[in-house]
Amino acid sequence: MTIRVTCSHCQATFLASEERLGQPVTCPKCGQSTSMPATLGEVARGPDVRLSEAPSSPPSVLFPSEAAGQDEAEHPKGRRRRRLIPFLLGAVGGLLVAALVFWPILRRTEPGPAEVADRPDAPRPIDPAERTARAFLDALVEQDAETIDRLSVLKDPPAIASFEDVQRDPVEDETIRGSFAPLADLNRRVASKYTYDPAIGRFQNANPLGVAADFMDEAETLKQENEANDIYGRIAGGTADEQLDAAVEFAEQFAKLTRVTLPRQELVPTYAQIVEDSDPPLPPEAEELALAFGDETETWQDLLGRPFFTIEADGPFVLDRAEVVATIRDRLASPGDPPRLLRMSLVRFRLDAIDTGWKVVSARRDDPDTPIDSSDPFRSPGLGQEP
């Protein structure tokens, strides 16, 4: 037999089994506990609890939509889950609030420049160029040839016993940005017209006979013009003034012939000469990058692992330059010798998939007889500053 029960809290009506007499039952709608009468006599007298002639069956709810939740609500695990929901919602909300409050603090792992200025004893952030210089100096001290080769392009790196006070000199920072497309086009034209001779560091015209033939044709034309103008006759038998004028005219024609028809850059030009004579001219940023390569061909060869003039990528490029200064002691220095400044030049080149990373391209010591200026970590009288 089942008993019709009315919840004393929300007034919802539901069915409960006779076996639950004298026990508390949970309302499937509001979840509150309602007491069952102890006997059937109390059921008959009570206004909110009535008998039902329906056959005995598991408790069911008058509202079908609430029937599924009754067993879970009355089950101990179901009750525990219902109690955990408010706790979990509160915990998630607390985590979100904490994240909003502490995220700006957690995100700043290193002090900013203003903080460093306000707190002189605060740790100073190390930039990538300075970090590379420190690793390079560590390798020099440990004589780690593999790391030295990985971090630099130096053929004769300095031998040092120790170092300290490693700092980047911001005055020497330089960045060149631009499109490599004009240089890629120039490199393709160079490849079609010249071959590179690493023994002399110059290009050779792929068709030297064609250049020679053009020169001979122009020379013959010039000879005919000189004969027509009687330059040779005036040089041989004219007055002193006529001889001088004819000689000057002939010299100008010959200079024009060698300058226009047979210029040196047509036979064995350098990359810098090709860049300067480029038609159309290169944009300023691309020309500056190309001339930097022309001035340090071997350095760029080692930096890129390939000839610069073979690059045909046409994306944007970035060339960064930096200098880092350190106080060092030479490996072969005497115990009483003063420390010296070592100035390291570093570069990083990026273009499409190419990224050389920061590399040390030069390392030079200051004058050993010049004392270090302790008031300025980046300068000493031996580095171009008046004592």
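FYI, side chains are in, hydrogens and waters are out, and symmetry mates aren't considered; it's all heavy atoms of this structure. Since the structure is predicted, the reported quantities are computational estimates derived from the model, not experimental observations.
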Asp197 with Arg202: basic N within carboxylate O range, under 4.0 Å: no
Chi angles and distances behind the ring pair (Phe, Tyr, Trp, His ring centres under 6.0 Å) call for Phe308, Phe180: CA-CA 12 Å; Phe308 179 85; Phe180 201 83; 5.7 Å; yes
task: For residues Val325 and Gln167, determine if any side-chain heavy atom of one lies less than 4.5 Å from a side-chain heavy atom of the other.
output: no
- request: Give the minimum heavy-atom separation between Val361 and Val347, together with the two atoms involved.
  value: CG1-CG2, 3.5 Å
- prompt: Would you call Pro307 and Tyr196 a side-chain contact if the rule is heavy atoms closer than 4.5 Å?
  reply: no
- request: Looking only at non-hydrogen atoms, find the nearest pair between Ala161 and Val141 and report the distance.
  value: O-CG1, 3.4 Å
task: Report yes if the side chains of Ser152 and Pro157 come closer than 4.5 Å at any heavy-atom pair, otherwise no.
output: no
field: Rounded distance (nearest 0.5 Å) linking atom CG of Leu137 with atom CD1 of Ile328
entry: 8.5 Å
task: State whether the side chain of Ser334 and the backbone N or O of Gly336 hold a donor-acceptor pair below 3.5 Å, judged by distance alone.
output: no
field: Nearest non-hydrogen partners of Asp352 and Gly315, listed with the distance
entry: OD1-CA, 3.6 Å
- prompt: Looking only at side chains, do Arg350 and Thr356 share a donor and an acceptor under 3.5 Å apart?
  reply: no
- request: Please report the closest heavy-atom contact between Arg331 and Ile160, naming both atoms and the distance.
  value: NH2-O, 2.9 Å
Considering all heavy atoms, the nearest Arg134-Phe163 contact: O-CZ, 4.1 Å
query: If you take all heavy atoms of Ile354 and Ile311, which pair is closest and at what distance?
result: CD1-CD1, 4.2 Å
message: Between Thr270 and Phe203, is there a side-chain heavy-atom distance shorter than 4.5 Å?
response: no
task: Show your reasoning for whether salt bridge (Lys or Arg N to Asp or Glu O under 4.0 Å) applies to Arg348 and Asp320.
output: CA-CA 5 Å; Arg348 181 185 181 187; Asp320 292 310; 5.4 Å; no
field: Ion pair Arg329/Asp337, N-O distance below 4.0 Å
entry: no
message: Could you check whether Arg343 pairs with Glu323 (Lys NZ or Arg NE/NH1/NH2 to Asp/Glu carboxylate O, under 4.0 Å)?
response: yes
- prompt: Out of curiosity, Leu341 CG to Arg365 CZ, how far, rounded to the nearest 0.5 Å?
  reply: 12.0 Å
- request: Could you list all the side chain to side chain donor-acceptor pair (under 3.5 Å) pairs where at least one residue sits in residues 280-303, not counting sequence neighbours?
  value: Lys155-Asp302
task: Any pair with a residue in residues 138-158 that passes ring pair (Phe, Tyr, Trp, His ring centres under 6.0 Å), sequence neighbours left out, goes on the list, sorted by first then second residue, please.
output: none
message: To the closest 0.5 Å, what do you measure between CG (Asp173) and OG1 (Thr175)?
response: 7.0 Å
query: Do Arg340 and Asp330 sit within salt-bridge range, that is, some charged N less than 4.0 Å from a carboxylate O?
result: yes
task: For the residue pair Leu154 and Ile148, establish whether any side-chain heavy-atom pair is separated by less than 4.5 Å.
output: no
task: Kindly indicate whether the side chain of Val166, heavy atoms from C-beta on, has any atom under 4.5 Å from the side chain of Phe136.
output: no
- prompt: Heavy atoms, side chains only, cut-off 4.5 Å: are Arg189 and Ile274 in contact?
  reply: no
task: First locate atom CD of Gln32, then atom SG of Cys27, and finally report the distance between them rounded to the nearest 0.5 Å.
output: 8.5 Å
task: Check the pair Thr132, Lys359 against side-chain contact (heavy atoms from CB on, under 4.5 Å), reporting the backbone distance first and the verdict last.
output: CA-CA 7 Å; Thr132 297; Lys359 295 290 183 66; over 6 Å; no
message: Within the structure provided, determine whether Phe293 and Leu319 are in side-chain contact (heavy-atom separation under 4.5 Å).
response: no
